[in-house]
2 protein chains.
Amino acid sequence: MKILVVEDEQLLRDNIADYLKAEGNVCDLAASLDEATEKIALYDYDCILLDLTLPDGDGLKLMRILKKQDRDDGIIIITARGSVDQRIEGLGLGADDYLIKPFHLSELSARVLAIVRRRSFKGNDLVRFNELNIDIQSKTVKVHGEPISLTRKEYDLLLYFMANKSKVISKSALVAHIWGDHADMADSFDFIYTHIKNLRKKLVDAGCKDYFQSVYGVGYKFSAE
Amino acid sequence: MKILVVEDEQLLRDNIADYLKAEGNVCDLAASLDEATEKIALYDYDCILLDLTLPDGDGLKLMRILKKQDRDDGIIIITARGSVDQRIEGLGLGADDYLIKPFHLSELSARVLAIVRRRSFKGNDLVRFNELNIDIQSKTVKVHGEPISLTRKEYDLLLYFMANKSKVISKSALVAHIWGDHADMADSFDFIYTHIKNLRKKLVDAGCKDYFQSVYGVGYKFSAE
DNA sequence: TGAAATCTGAAGATATTCTGAAGACGACTA
DNA sequence: TAGTCGTCTTCAGAATATCTTCAGATTTCA
């Protein structure tokens, strides 16, 4: 999962990011409305954690920007206890959930998962695609009922493609989503070739059709045809 | 078990905590609604003992917060004899049980156990998993019917994994649940490795299959396959 | 056909986990 | 209070798993 953490308190921001990373997610950080706006202009996120009270403005602004652009990143609002009005307005603007500060990190993590599940896979823990089966809770991938073992990057890739079936995914979008804002590694896509190759091989070896189609000059598409 | 004791009378609070600790539980204390709110925001509890009459407000408030956050910590309400209305409202808000002051500590302990059991293992004292058997009452673990001796941390770990079979448990979630306060946990997970190693060894030595699977970069999964 | 893009296998670099041993801690006893 | 025991944590090195790089082969497109 790729998650943007918008929070001005550094300690909390880092804590959140560390925890989510430890669970295998990719986190981008933003300490202000400005930074956040910049990030969302550059990347898509599975989920955005948004503190409403930021030094340079109201977090709701960000939501209006997203809404205007018709984007469907998942949003979890973080507020201090008491600011009920903001919270309600936020939900009206399309937030998926909210958390009252202070909160437990595992609580946060669970909600992120719930939202991503709801948005990407229509509430299912089990993502199915013909002979392919993914269980998000246990991070298990099965082909014809037999579990196969994938590395983290392979798993992330597969999940991302499954969530965007039949769409052409550019290599840079792939990098942005799975590696985070590593601007410096865009010079070569060798590592993507390798990961896709390995993923393909593992799936095919397990008896799965090769659903990846290379799109010359752009990236890949994951679809049945 | 991790239990939060919310009680303003110091003597009673300490008595309860001592008793529960002596039985091998982890106890956090809160003397006021405020303290309690802070604690529950930071940690998950297997059970919360909640005195309704607190110096800074009604304990039911806490329950509303929990409910709003959709949490399922077990709750036992403690009330003085007579305050029937509150008690009923509490049960309506999702309390699992209540105790009327004064009560015997052994009675309390039994109810805590009952609730944890009900929540985690659907009413079973005996948790079974193939050749593995745990009796929560007596804290006994048996492999193929032969009892083996585990340290407290090992037992806690095993129980937590059994209660979350087939789910991938991140190391930070593990720390949060079993160690509680370690805020600075990101520095090293060495002690987890060691405990898991020892637990694994004891189980395998007793003739149990190794059900722990390491999930590289995340944590562990406890499952049969 | 030729340049650019992609695929492939192998090897190097990194990161994570495992392990045994030793030190620290705390409860209990004398 | 000192000593003992069992437990918990720390540490350093070994073993593994994963990620990235690279060079050469292959494919694609103009």
Side-chain angles (χ1 to χ4, degrees), chain A residues 18 21-26 139 141 148-158 168-172 174-175 177-180 182-205 210-222, chain B residues 18-19 21-27 139 141 148-158 160 168-172 174-175 177-205 210-222:
Chain A
D18 286 349
K21 278 181 195 163
E23 302 219 306
N25 302 291
V26 173
K139 297 198 183 212
V141 178
I148 62 174
S149 105
L150 300 181
T151 70
R152 176 141 102 224
K153 288 278 185 281
E154 286 159 8
Y155 178 84
D156 286 351
L157 278 169
L158 183 57
V168 174
I169 311 289
S170 74
K171 289 193 292 299
S172 33
L174 223 49
V175 171
H177 239 270
I178 297 188
W179 278 265
H182 281 234
D184 50 328
M185 50 163 46
D187 46 338
S188 152
F189 290 117
D190 279 354
F191 58 99
I192 293 188
Y193 296 142
T194 303
H195 282 298
I196 294 279
K197 180 198 59 169
N198 293 338
L199 177 53
R200 264 174 160 158
K201 181 162 165 39
K202 281 191 186 172
L203 291 172
V204 171
D205 280 359
D210 182 9
Y211 294 115
F212 288 93
Q213 293 164 253
S214 311
V215 180
Y216 191 89
V218 185
Y220 299 89
K221 187 168 75 163
F222 187 87
Chain B
D18 286 349
Y19 192 90
K21 277 183 195 163
E23 300 211 312
N25 303 291
V26 174
C27 280
K139 297 201 174 211
V141 179
I148 62 174
S149 104
L150 299 182
T151 69
R152 181 173 302 165
K153 286 279 185 280
E154 286 159 7
Y155 177 84
D156 286 350
L157 277 170
L158 183 58
Y160 187 48
V168 174
I169 311 290
S170 73
K171 288 191 294 296
S172 29
L174 220 51
V175 171
H177 205 270
I178 296 189
W179 278 266
D181 288 359
H182 281 240
D184 51 338
M185 60 187 175
D187 45 343
S188 154
F189 290 116
D190 278 354
F191 57 100
I192 294 187
Y193 296 141
T194 303
H195 282 298
I196 294 279
K197 181 196 60 167
N198 293 337
L199 177 52
R200 263 175 163 158
K201 183 161 166 37
K202 282 190 186 173
L203 291 172
V204 171
D205 280 358
D210 181 9
Y211 294 115
F212 288 92
Q213 291 166 255
S214 313
V215 180
Y216 190 94
V218 184
Y220 297 89
K221 186 169 70 166
F222 188 87

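Computed from a predicted structure; not experimentally measured.
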Original post:
Which residue lies toward the 5' end of DNA chain D, B:Ile192 or B:Ser149, if each is placed at its nearest nucleotide?
Top reply: B:Ser149
Report all interatomic pairs (protein N or O, nucleotide N or O of nucleotides 22-29 of chain C) with separations under 3.5 Å.
none

Original post:
Under 4.0 angstrom, heavy atoms only, what part of the nucleic acid is B:Phe212 near: base, sugar-phosphate, or nothing?
Top reply: nothing
**OP:** Nearest whole angstrom, please: distance from the P of D:dG24 to the OH of A:Tyr193.
**Re:** 18 Å
Original post:
Closer to the 5' end of DNA chain D via nearest nucleotide, is it B:Leu150 or B:Asp190?
Top reply: B:Leu150
**OP:** Mind running a 4.0 Å heavy-atom check of residues 194-205 of chain A against DNA chain D and sending the residues that fall below it, in number order?
**Re:** A:Thr194, A:His195
Original post:
A:Phe212: what forms a ring-ring contact (aromatic ring centres under 6.0 Å, His included) with it, not counting sequence neighbours?
Top reply: A:Phe161, A:Phe222
Original post:
For A:Lys201, what residues pass the salt bridge (Lys or Arg N to Asp or Glu O under 4.0 Å) criterion, not counting sequence neighbours?
Top reply: A:Asp205
Original post:
Should the pair A:Trp179 and A:His195 be assigned to parallel (<30°), tilted (30 to 60°) or perpendicular (>60°) ring geometry?
Top reply: tilted
Original post:
Who are the side-chain contact (heavy atoms from CB on, under 4.5 Å) partners of A:Val215, not counting sequence neighbours?
Top reply: A:Val168, A:Val218, A:Lys221
Subject >> Residues forming a side-chain contact (heavy atoms from CB on, under 4.5 Å) with A:Ser149, sequence neighbours excluded >> reply: none
List every contact pair, protein side and nucleotides 27-29 of chain D side both N or O, where the distance is under 3.5 Å.
from: D:dT28; atom 1: O2; to: A:Tyr216; atom 2: OH; distance (Å): 3.1

Subject >> B:Ser188 vs D:dT10: side-chain N/O to OP1/OP2 distance below 4.0 Å >> reply: no
Subject >> Rounded (10°) bend between the five-pair end axes of the helix from C:dT1-D:dA30 to C:dA30-D:dT1 >> reply: 30°
Original post:
Which parts of residues 151-158 of chain B get close to DNA chain D, meaning a heavy atom less than 4.0 angstrom away?
Top reply: B:Thr151, B:Arg152, B:Lys153
**OP:** Under the side-chain contact (heavy atoms from CB on, under 4.5 Å) rule, collect the residues that match up with A:Asn25, sequence neighbours excluded.
**Re:** A:Met1, A:Ile3, A:Leu20, A:Glu23
Original post:
Of all residues at least two apart in sequence or in a different chain, which pass the salt bridge (Lys or Arg N to Asp or Glu O under 4.0 Å) check with A:Arg200?
Top reply: A:Asp210
Subject >> Whole angstrom value for the distance that separates P of D:dC11 from CZ of B:Phe191 >> reply: 12 Å
Original post:
Residues two or more places apart in sequence or in another chain: which of them pass side-chain contact (heavy atoms from CB on, under 4.5 Å) with A:Thr151?
Top reply: A:Lys153, A:Glu154, A:Lys202
